[in-house]
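Right, one structure below, let's go through it.
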Amino acid sequence: MGNFAANEGLSIFVILVWLGINVFLFVHFYMAFLVDRYYYTRVILGHALSWARAPAACLNFNCMLILLPVCRNLLSFLRGSIQYCSRTAARQLDRNLTFHKLVAYMIALHTAIHIIAHLFNFERFMDSQLMINSSHLPYVLSQIGNNDNRSYLNPIRTNETNPTIVMFTTIAGLTGVVITLALILIITSSMEVIRRSYFEVFWFTHHLFIVFFIGLVAHGIGRIVRGQTVESVKVHDPVECHSKFETWGQNGTDCPEPVFAGNPPMTWKWVVGPMFLYVCERLVRFYRSQQKVVITKVVMHPSKTLELQMKKKGFKMEVGQYVFMQCPSISQLEWHPFTLTSAPEEDHLSVHIRIVGDWTQALYTACGGDKTVVLDAWTLPKVAVDGPFGTASEDVFRYEVVMLVGAGIGVTPFASVLKSVWYKHVQENKNVFTKKIYFYWLCPETQAFEWFADLLQSLERQMNEKDMRDFLSYNIYLTRWKDAEAAHLRVQYEAEDDPITGLKQKTRYGKPNWDNEFSAIATQHPGSKVGVFLCGPTALATALGKQCISHTESGTEFIFNKENF
């Protein structure tokens, strides 16, 4: 329970508060439209009025939140400020995309409820206009304001139309259709299969959020939901006067004709703050994207992995951070995230890019990856870099004992960490709080080891020279192999150095037994807080998250941190 509270307690608290606010807003605004002021509106619409307005309030709240988790510069600033007070609170910012998705799902849910309720409302508004019978109160209410264009209750002003025409000829109806279509496209293109395979589709459709927010702010201008004015309720009590509608406004009656007005637009009050912050965010990104970046070195690694070393004036970073890159010759609009593999102690920034899509393939070609000749520096493509931005890996050196787990290209943030470790020990930095690092790398193919093996060999040699063999324990796992490779590896296994990586430590085959690994570390470091850092697939994250919660041997506390993109 202690480990569960340390890893998930604050996250669950935040989610419960968020859900609680949603429930409160729904109930509060549902009840707010059951008062006398909306008595006559309910005569026409029934409880569908409250069912439309309650989710609208929740939509305002969630649309206020949806932009904040993607303000990367704001999150980086908050992370740097909060982590000095509470590391647990700072870790919540690493789950920004998860919260962004939860808010999006809540928006979709309340949008569906809001739309369904208003479909009933439009039908009932239309039906009350078609009654043509002055003995029915809904019809009488619908005729108020027809002759002299005074205040009215029913937004459908004639019986010679239909709800579909009204939907496309009113501000509320037209903006409702636009923002609904934008929301459908945004959500469907965000599905994992589309985002991973067709990132450009995801990226472009996600920018329909601009259309969504413009439509959202304009949606309430039409004031389609109307009720009695406060002054009118004082002189015309709907509870007493609703049965006297045939004599409303006549001489000698104590029930004058009711006066109606629409609710003023409120959405802009909810979203103006986050929209301003997001505009500032984009301005900061634009400013940084205009700063000159020079590619100083291009390295083509096996398994179609491209390494770019670059220089940018004034660029400062911490271990494990990431940047967004743009290549104008490929696309003026697309920006893609890449983890920095350089260390803060180096005079350049570097990224390793796995070639898996159209954009990365175009970059690979532009950098001469498909050519055998070396390109001149001035022929290399221009790139823009925005960042760096903070991640969970920044906290590595805040733990005395650390587990680093990388899967495939997911090892990139730990390249920065291990390089920084190497530099700190070369410079004999005595202020390193971390005393032990356990490094695990799971890779499906032997070629992928090559670019990272040089770094591990340097670290291994450096640790041996300084008699610090126990500082870094690394475990490399090959998860897939061919029969021919297996036969060759068996022959070479007795060699002093590993035949795959060239390290003293032999490569292991298959997948780690995480239960045994966690138990061994807990036993080795009783009473310690162990930082577990992962950059890898969801299935592995789920497995490690469960291990962090379940292992409590010797009072050891495992704190789980995962990279998110």
Side-chain angles (χ1 to χ4, degrees), residues 14 18 21 59-85 89-104 106-107 179 182-183 186 190 202-220 265-293 312-318 321-328 331-340 349 383-392 394 564-565:
V14 171
W18 169 66
I21 294 174
L59 278 171
N60 288 338
F61 171 63
N62 286 285
C63 289
M64 176 186 73
L65 297 177
I66 192 71
L67 289 177
L68 298 179
V70 292
C71 291
R72 298 191 292 264
N73 289 288
L74 174 64
L75 293 180
S76 292
F77 170 76
L78 291 176
R79 199 178 199 290
S81 303
I82 294 174
Q83 67 182 358
Y84 291 105
C85 304
R91 285 175 51 240
Q92 306 314 306
L93 298 176
D94 299 325
R95 304 185 180 186
N96 60 316
L97 293 185
T98 300
F99 186 66
H100 178 72
K101 293 174 186 177
L102 288 175
V103 173
M106 188 65 77
I107 288 174
I179 61 181
L183 186 63
I186 290 171
S190 300
F202 159 77
W203 196 91
F204 283 113
T205 54
H206 234 62
H207 279 73
L208 287 172
F209 83 90
I210 299 172
V211 175
F212 177 85
F213 272 92
I214 292 174
L216 188 69
V217 171
H219 187 58
M266 298 295 292
T267 300
W268 69 272
K269 296 180 180 180
W270 290 83
V271 301
V272 66
M275 289 175 70
F276 174 76
L277 287 175
Y278 190 78
V279 169
C280 293
E281 168 84 12
R282 296 309 292 249
L283 290 174
V284 171
R285 292 187 197 178
F286 176 77
Y287 169 75
R288 294 203 300 201
S289 69
Q290 300 304 304
Q291 295 175 324
K292 186 177 181 181
V293 178
K312 180 178 179 180
K313 187 177 180 180
F315 187 88
K316 295 180 180 179
M317 62 165 287
E318 297 294 334
Q321 291 187 324
Y322 69 98
V323 295
F324 273 77
M325 284 183 57
Q326 177 212 40
C327 184
S331 172
Q332 290 283 349
L333 298 176
E334 290 184 55
W335 290 80
H336 295 264
F338 297 102
T339 303
L340 290 165
L349 62 129
V383 295
V385 172
D386 181 25
F389 302 106
T391 68
E394 282 185 58
N564 287 300
F565 293 112

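All values derive from a computational prediction rather than experimental measurement.
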For [X] and [Y], work out which heavy atoms get closest and say how close.
X	Y	answer
Pro274	Leu68	CB-CD2, 4.2 Å
Val271	Asn60	CG1-O, 4.5 Å
Asn62	Val103	O-CG1, 3.3 Å
Ser76	Pro388	OG-O, 4.4 Å
Lys292	Lys312	O-CG, 3.7 Å
Gly220	Pro265	O-CG, 3.7 Å

Once you round to the nearest 0.5 Å, how far does [atom1] of [X] lie from [atom2] of [Y]?
X	Y	atom1	atom2	result
Leu102	Leu65	CG	CG	11.5 Å
Cys327	Gln332	SG	CD	9.5 Å
Asn96	Leu74	CG	CG	10.5 Å
Asn73	Leu277	CG	CG	11.5 Å
Leu340	Gln321	CG	CD	7.0 Å
Leu78	Cys71	CG	SG	10.0 Å

What I'd like to find out is whether the side chain of [X] reaches to under 4.5 Å of the side chain of [Y], using heavy atoms alone.
X	Y	value
Ile107	Leu59	yes
Met275	Trp268	no
Phe324	Val385	no
Leu97	Pro69	no

Practice task
Start with the C-alpha gap between Trp335 and Met325, add the side-chain angles, then the distance that decides, and say whether side-chain contact (heavy atoms from CB on, under 4.5 Å) holds.
Solution key: CA-CA 5 Å; Trp335 290 80; Met325 284 183 57; 5.6 Å; no

Exercise for the section: Would you check, one step at a time, whether the test side-chain hydrogen bond (donor to acceptor under 3.5 Å, both in side chains) holds for Ser289 with Asp386? Expected result: CA-CA 6 Å; Ser289 69; Asp386 181 25; over 6 Å; no

Any side-chain to backbone donor/acceptor pair from [X] onto [Y]? Under 3.5 Å, distance only.
X	Y	answer
Gln290	Tyr287	no
Gln291	Lys313	no
His100	Val70	no

Handout entry: Evaluation steps, side-chain contact (heavy atoms from CB on, under 4.5 Å), between His336 and Gln326
Key = CA-CA 7 Å; His336 295 264; Gln326 177 212 40; over 6 Å; no

Exercise for the section: Verify the ring-centre separation between Tyr278 and Phe209: is it less than 6.0 angstrom? Expected result: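 Between Phe209 and Tyr278, the centre distance is under 6.0 Å.
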
Handout entry: Full working for side-chain contact (heavy atoms from CB on, under 4.5 Å) between Glu334 and Phe204
Key = CA-CA 8 Å; Glu334 290 184 55; Phe204 283 113; 4.2 Å; yes

Handout entry: Heavy-atom neighbours of Trp18 CH2 exceed 12 at 6.0 Å
Key =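 Counting other residues, nucleotides and ligands, CH2 of Trp18 exceeds 12 neighbours.
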
Practice task
Run the numbers on Leu67 and Phe213 for side-chain contact (heavy atoms from CB on, under 4.5 Å), then give the verdict.
Solution key: CA-CA 10 Å; Leu67 289 177; Phe213 272 92; 3.9 Å; yes

Practice task
Using the six-membered ring wherever Trp is involved, compare the ring planes of Tyr322 and Phe389 and label them parallel, tilted or perpendicular (cut-offs 30° and 60°).
Solution key: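 Geometry flag for Phe389 against Tyr322: tilted rings.
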
